[in-house]
Amino acid sequence: MIRESLELYNRHLIKILLLSVLFVIPLTLFCYVATYYLFDQLTSEQHPNLYALFLIVINFVLVIPSFMKLALTDIEDDELPSVGQLIYEGLRYFGLILFLTIPFYIVGVLGSAFFFIPTILCFAIILLIPFFVKQKTVGDVFRQVGKTLRNENIFLLLDLLVIVSVQILVWGLLMIIFANFENNFYVYGLARSMMNSFIFPLLVFYFTIKYRKSELSL
């Protein structure tokens with residue numbers, strides 16, 4: 001699946017770059033500015049870190065439909081969508097993904113008091129929702145999510161760890177690179193945006209092949 005993901009990335013590099021510039025980077029910058037504002041305006045008792053974590057989660061799940069559509073059309077040999085169509089795909093499901101993510105995020109945060117089991121389950125559901133958001137009804141979305149949860153089991157935890165580890169690793173490398181430079185708020189924001197524009201497509205391609213494999217013929 002890693003090889004197929006890299007091949008997808010290479011075949012559509014120009015389109016991925018355009019989509020990143022027009023969609024991923026602006027979304028990441030918005031989340032980054034919002035995070036900075038929350039830490040600046042809220043006290044520690046108001047838990048700004050929880051809001052910041054939510055923005056980080058949303059930043060990833062909202063771009064999934066766009067890159068998933070690109071992956072599926074390529075694998076199924078359908079007519080490739082334009083960059084505008086890919087952006088529309090992300091905006092089209094923006095509200096539904098947000099609506100379904102918020103309650104699971106709240107339950108996941110509250111569930112951290114119970115040995116993190118509800119937290120892991122809720123974050124796994126949050127990750128899966130965008131991959132099945134095109135189902136006809138919300139019930140169908142959750143049926144597909146439940147089916148994937150049963151099939152993947154512990155491997156979903158590993159997928160969550162992969163997402164977190166990759167983000168931490170790449171962000172850490174960027175911080176090392178910028179350590180000897182005079183950096184400001186905008187430089188760090190742009191660095192994070194560029195990181196997401198490179199990492200997110202690869203992650204989405206990989207998970208699309210993995211979670212939608214029953215519908216694909218690689």
Side-chain angles (χ1 to χ4, degrees), residues 20-66 90-91 93-130 133 138 141-142 145 156-200 203-204 207:
S20 296
V21 169
L22 296 174
F23 186 44
V24 180
I25 291 178
L27 178 61
T28 301
L29 286 173
F30 171 80
C31 292
Y32 179 76
V33 172
T35 299
Y36 179 85
Y37 175 82
L38 288 169
F39 276 102
D40 186 57
Q41 297 296 319
L42 300 180
T43 64
S44 58
E45 288 79 12
Q46 294 173 300
H47 304 292
N49 55 312
L50 296 180
Y51 296 100
L53 177 59
F54 176 74
L55 290 171
I56 292 173
V57 171
I58 282 297
N59 193 180
F60 177 62
V61 297
L62 287 178
V63 305
I64 289 176
S66 296
L91 298 176
Y93 297 105
F94 182 98
L96 181 58
I97 292 174
L98 198 62
F99 175 76
L100 296 178
T101 297
I102 290 174
F104 282 104
Y105 180 79
I106 293 173
V107 173
V109 169
L110 296 176
S112 61
F114 300 96
F115 304 103
F116 290 97
I117 295 176
T119 303
I120 294 171
L121 179 61
C122 287
F123 276 79
I125 293 173
I126 290 172
L127 172 63
L128 290 174
I129 284 172
V133 75
V138 174
V141 172
F142 285 114
V145 168
L156 272 168
L157 174 58
L158 298 178
D159 291 339
L160 293 174
L161 290 175
V162 167
I163 295 173
V164 174
S165 299
V166 169
Q167 289 273 343
I168 292 175
L169 176 61
V170 177
W171 185 244
L173 291 174
L174 287 174
M175 291 302 97
I176 293 173
I177 293 172
F178 290 125
N180 297 322
F181 293 89
E182 289 293 332
N183 301 298
N184 56 30
F185 170 81
Y186 300 103
V187 174
Y188 283 115
L190 184 59
R192 183 162 190 161
S193 301
M194 293 178 65
M195 177 193 75
N196 287 351
S197 67
F198 173 73
I199 295 297
F200 284 0
L203 289 174
V204 175
F207 292 134

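Values below: all heavy atoms of this structure, side chains included; hydrogens, waters and symmetry mates excluded. Model, not experiment: these values are computed from the prediction.
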Visitor: With a 4.5 Å cut-off on side-chain heavy atoms, are F200 and N59 touching?
Guide: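 The answer is yes, as the side chains (C-beta and beyond) meet within the 4.5 Å cut-off.
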Visitor: Could you tell me whether the side chain of I126 reaches within less than 4.5 Å of the side chain of V61, counting heavy atoms only?
Guide: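 Answer yes - side chains close enough.
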Visitor: Only one of I106, L38, V109 clears side-chain contact (heavy atoms from CB on, under 4.5 Å) with L50; which?
Guide: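 When I106, L38, V109 are each tested with L50, the side-chain contact (heavy atoms from CB on, under 4.5 Å) holds only for V109.
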Visitor: Could you check, using the six-membered ring where one of them is a Trp, whether F142 and F104 have ring centers closer than 6.0 angstrom?
Guide: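 Yes, the ring of F142 comes within the 6.0 Å limit of the ring of F104, centre to centre.
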Visitor: So do the side chains of V138 and L96 get within less than 4.5 Å of each other, counting heavy atoms only?
Guide: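 V138 reaches L96 side chain to side chain.
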Visitor: Could you tell me the separation between the CG atom of L62 and the OG1 atom of T101, rounded to the nearest 0.5 Å?
Guide: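 Separation between the atoms: 7.0 Å.
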Visitor: More than 12 non-hydrogen atoms from neighbouring residues, nucleotides or ligands closer than 6.0 Å to CE on M194, yes or no?
Guide: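 At most 12 heavy atoms, drawn from other residues, nucleotides or ligands, come within 6.0 Å of this atom.
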Visitor: At their closest point, which heavy atom of P65 faces which heavy atom of G90, and how far apart are they?
Guide: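 The pair with the smallest heavy-atom distance is CB-CA, 4.4 Å.
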Visitor: State, to 0.1 Å, how close P26 and V21 come at their nearest heavy-atom pair, and which atoms those are.
Guide: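 Taking every non-hydrogen atom into account, CD-O, 3.2 Å.
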Visitor: With distance as the sole test, does S193 use its side chain to make a donor-acceptor pair with the main-chain N or O of T28 at under 3.5 Å?
Guide: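 A pair under 3.5 Å: no.
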Visitor: Once rounded to the nearest 0.5 Å, what's the spacing between atom OG of S66 and atom CG of L22?
Guide: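 Reported value, rounded in 0.5 Å steps: 11.0 Å.
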Visitor: Just wondering, do L127 and I163 contact through their side chains at under 4.5 Å, heavy atoms?
Guide: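 Result yes, sub-4.5 Å side-chain heavy-atom pair found.
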Visitor: Indicate yes or no: at least one non-hydrogen side-chain atom of L160 is less than 4.5 angstrom from one of V164.
Guide: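 In short, these two side chains do not touch, never coming nearer than 4.5 Å.
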Visitor: To the nearest 0.5 angstrom, please state how far the CZ atom of F30 sits from the OG1 atom of T35.
Guide: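 Result: 9.5 Å between the selected atoms.
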Visitor: Locate the shortest heavy-atom distance separating G111 from T119; write the atom from each residue and the value.
Guide: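 It is C-OG1, 3.3 Å.
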Visitor: Quick one: which of I25, I56, L29 gives a side-chain contact (heavy atoms from CB on, under 4.5 Å) with R192?
Guide: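 Exactly one option meets the side-chain contact (heavy atoms from CB on, under 4.5 Å) with R192, and it is I56.
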Visitor: Under 4.5 Å between any side-chain heavy atoms of I58 and Y105, yes or no?
Guide: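 Counting from C-beta outward, I58 and Y105 never come under 4.5 Å.
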Visitor: Taking the side chain as C-beta and beyond, is there a heavy-atom pair between L203 and F60 under 4.5 Å?
Guide: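 They are in side-chain contact.
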Visitor: Can you name the closest pair of heavy atoms from Q41 and Q46 and give their distance?
Guide: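 In this case the closest contact between Q41 and Q46 is O-OE1, 4.4 Å.
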Visitor: What heavy-atom pair brings F39 and N49 nearest, and what distance separates the two atoms?
Guide: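 Taking every non-hydrogen atom into account, CZ-CA, 3.8 Å.
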Visitor: For the OH atom of Y51 and the CG atom of L42, what is their distance to the nearest 0.5 Å?
Guide: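 Here the interatomic distance stands at 6.5 Å.
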Visitor: Could you give the distance from SG (C31) to CG (N196), rounded to the nearest 0.5 Å?
Guide: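 Spacing of SG (C31) from CG (N196) equals 9.0 Å.
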Visitor: A side-chain contact here means heavy atoms from C-beta on lying under 4.5 Å apart; do L156 and L128 qualify?
Guide: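 Yes, side chains in contact.
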